[in-house]
Asker: 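I'd like to ask some things about the structure below.
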Amino acid sequence: FSPDLKVCVFRTVQEGLSNAHKHGRAGSATLSAFARDGEIVVEISNETDQPSPASPARPQLGLDGMRERLAAVGGHFELASAGDRATLTIVTPLRLEHSA
């Protein structure tokens, strides 16, 4: 686990939890993390009364920052909402590929 990857995962999870706190119901956030097929998968889920967080009604600066940060290490995220639940799934490689 390289230092660059650790910082990327930490900062992305930090932003995801901040968003869950800001837009979700108090005490409803859950976090799970696991390794799968050479990837790190982190899921942050919370209950919300807000419109879908993927709504383009206003700028999504936090989401854009997460997208750029994850792309820099070959990762990505998905944001889904169903009913009163929003889930952010963050996926990164377990190891960074270094070019020679």
Side-chain angles (χ1 to χ4, degrees):
F1 215 23
S2 76
D4 291 339
L5 196 51
K6 285 180 187 178
V7 169
C8 176
V9 171
F10 174 81
R11 295 288 299 169
T12 305
V13 169
Q14 184 180 39
E15 178 69 21
L17 288 170
S18 176
N19 286 345
H21 175 74
K22 182 177 179 181
H23 301 291
R25 291 188 194 142
S28 71
T30 60
L31 182 141
S32 63
F34 52 93
R36 173 187 70 201
D37 300 326
E39 297 177 324
I40 300 164
V41 180
V42 180
E43 294 179 344
I44 300 169
S45 183
N46 66 291
E47 294 175 5
T48 180
D49 292 326
Q50 306 279 327
S52 170
S55 169
R58 58 179 197 252
Q60 303 292 317
L61 301 177
L63 295 178
D64 289 343
M66 286 193 299
R67 187 174 289 110
E68 290 173 15
R69 180 175 283 118
L70 288 166
V73 297
H76 65 279
F77 74 86
E78 297 173 14
L79 184 57
S81 62
D84 67 347
R85 196 126 197 107
T87 302
L88 173 70
T89 304
I90 300 163
V91 181
T92 67
L94 272 171
R95 298 187 193 332
L96 292 179
E97 298 293 324
H98 295 291
S99 58

Asker: Leu63 and Leu79: side-chain contact (heavy atoms from CB on, under 4.5 Å), yes or no, with the steps?
Answerer: CA-CA 9 Å; Leu63 295 178; Leu79 184 57; 3.9 Å; yes
Asker: Going only through I, L, V, M, F, W and Y residues with side-chain contacts under 4.5 Å, is there a path from Leu5 to Leu94?
Answerer: yes
Asker: So which heavy atom on Met66 is nearest to which on Asn19, and how close?
Answerer: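 That closest heavy-atom pairing would be CE-ND2, 4.1 Å.
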Asker: Should the heavy atoms of other residues, nucleotides or ligands under 6.0 Å from NE2 of His21 be counted, would the total exceed 12?
Answerer: no
Asker: Which atom names give the shortest non-hydrogen contact between Ala29 and Ala20, and what distance separates them?
Answerer: CB-CB, 4.2 Å
Asker: Nearest 0.5 Å, please: how far is CZ in Arg69 from CD in Glu15?
Answerer: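 If we round to the nearest 0.5 Å, Glu15:CD and Arg69:CZ are 8.0 Å apart.
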Asker: Any heavy-atom pair between the side chains of Leu96 and Asp4 that's under 4.5 Å?
Answerer: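 Asp4 reaches Leu96 side chain to side chain.
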Asker: Looking at every heavy atom in both Asn46 and His23, which two are closest together, and how far apart are they?
Answerer: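 Here Asn46 and His23 meet closest at ND2-C, 4.3 Å.
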Asker: Grab the two heavy atoms, one from Leu88 and one from Phe77, that are nearest each other, plus how far apart they are.
Answerer: CD1-CD1, 3.4 Å
Asker: Would you check if Ile40 and Val91 make a side-chain contact, meaning some heavy-atom pair closer than 4.5 Å?
Answerer: no
Asker: Which residue pairs satisfy the side-chain hydrogen bond (donor to acceptor under 3.5 Å, both in side chains) criterion with at least one member in residues 5-14, sequence neighbours excluded?
Answerer: Arg11-Gln14
Asker: Side chains of Ser45 and Arg85: do they bring a donor and an acceptor to under 3.5 Å?
Answerer: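 Short answer, yes.
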Asker: Can you tell me which residue pairs pass the side-chain hydrogen bond (donor to acceptor under 3.5 Å, both in side chains) test with a partner in residues 26-40, sequence neighbours excluded?
Answerer: none
Asker: Is the number of heavy atoms from other residues, nucleotides or ligands within 6.0 Å of CZ (Phe34) greater than 12?
Answerer: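 For Phe34, atom CZ is crowded (more than 12 foreign heavy atoms under 6.0 Å).
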Asker: List for me each residue that meets side chain to side chain contact (heavy atoms under 4.5 Å, CB included) alongside Leu31, sequence neighbours excluded, and say none if there are none.
Answerer: Val13, Leu17, Val42, Ile44
